[in-house]
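In what follows, a single structure is set out as structure tokens and then discussed.
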Amino acid sequence: MGIVAIRYYNVWFYLHLQSELDVVKFSYLSKRIEEGDRFRMRDIHKWCAMHKIKYRTKFVYRKDFPVKANLWNFYSYVRSKIENAISKITL
């Protein structure tokens, strides 16, 4: 069907929607985000895993953020990638 993107601070999530059902699921997620529900990287990862939606992530340095914030967000991004890899190995 297509790829949609969600930005979480410095991280872009690219979700691969492969069916009409995936599109419907994503519309509910995007509505929740628009209504102000808080999602962390871990929440987005868990949501995608629970709904069996494939995704990839990309970290982007943001010039509108201070260097310290970019470093902290990069650390959080790498930590999240490691935690997700470990959880896949232990399952």
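Because the structure is predicted, anything quoted here is derived from the model rather than measured. Heavy-atom basis, side chains included; hydrogens, waters and symmetry copies ignored.
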Spell out, as yes or no, whether a donor-acceptor pair under 3.5 Å connects the side chain of N84 to the backbone of S80.
-> yes

Output yes when a side-chain donor or acceptor of D22 lies under 3.5 Å from a complementary backbone atom of I53, and no otherwise.
-> no

Do Y75 and I82 share a hydrophobic cluster, counting only Ile, Leu, Val, Met, Phe, Trp and Tyr and linking them when any side-chain heavy atoms are less than 4.5 Å apart?
-> no

Within a radius of less than 6.0 Å around OH of Y61, do more than 12 heavy atoms belonging to other residues, nucleotides or ligands occur?
-> yes

Relative to the ring of Y55, is the ring of F13 parallel (under 30°), tilted (30 to 60°) or perpendicular (over 60°)?
-> tilted

Out of curiosity, W47 CH2 to R32 CZ, how far, rounded to the nearest 0.5 Å?
-> 9.5 Å

Look up atom CD in E34 and atom CG in L29, then write down how far apart they are to the nearest 0.5 Å.
-> 10.0 Å

Within one Ile-Leu-Val-Met-Phe-Trp-Tyr cluster: Y28 and F39, side-chain cutoff 4.5 Å | no

Atom CZ of R42 with >12 non-hydrogen neighbours under 6.0 angstrom | no

Please check if L17 and I33 belong to a single hydrophobic cluster, counting links between Ile, Leu, Val, Met, Phe, Trp and Tyr side chain heavy atoms closer than 4.5 Å.
-> yes

Hphob cluster co-occupancy, Y9 + F74, side-chain heavy atoms under 4.5 angstrom | yes

Decide side chain to side chain contact (heavy atoms under 4.5 Å, CB included) for Y14 and T57; before the verdict, give the C-alpha distance in whole Å, the side-chain angles of both, and the deciding distance to 0.1 Å.
-> CA-CA 6 Å; Y14 297 98; T57 58; over 6 Å; no

Do V78 and Y8 belong together in a cluster built from hydrophobic side chains that touch within less than 4.5 Å?
-> yes

Just wondering, more than 12 heavy atoms not from F59 lying within 6.0 Å of its CZ?
-> yes

Here the gap from N73 atom CG to M41 atom CE, rounded to the nearest 0.5 Å, amounts to 7.5 Å

Euclidean distance, M50 CE relative to D43 CG, rounded to 0.5 Å = 10.5 Å

Scanning both residues in full, the closest heavy-atom pair of R62 with N10 reads N-ND2, 3.5 Å

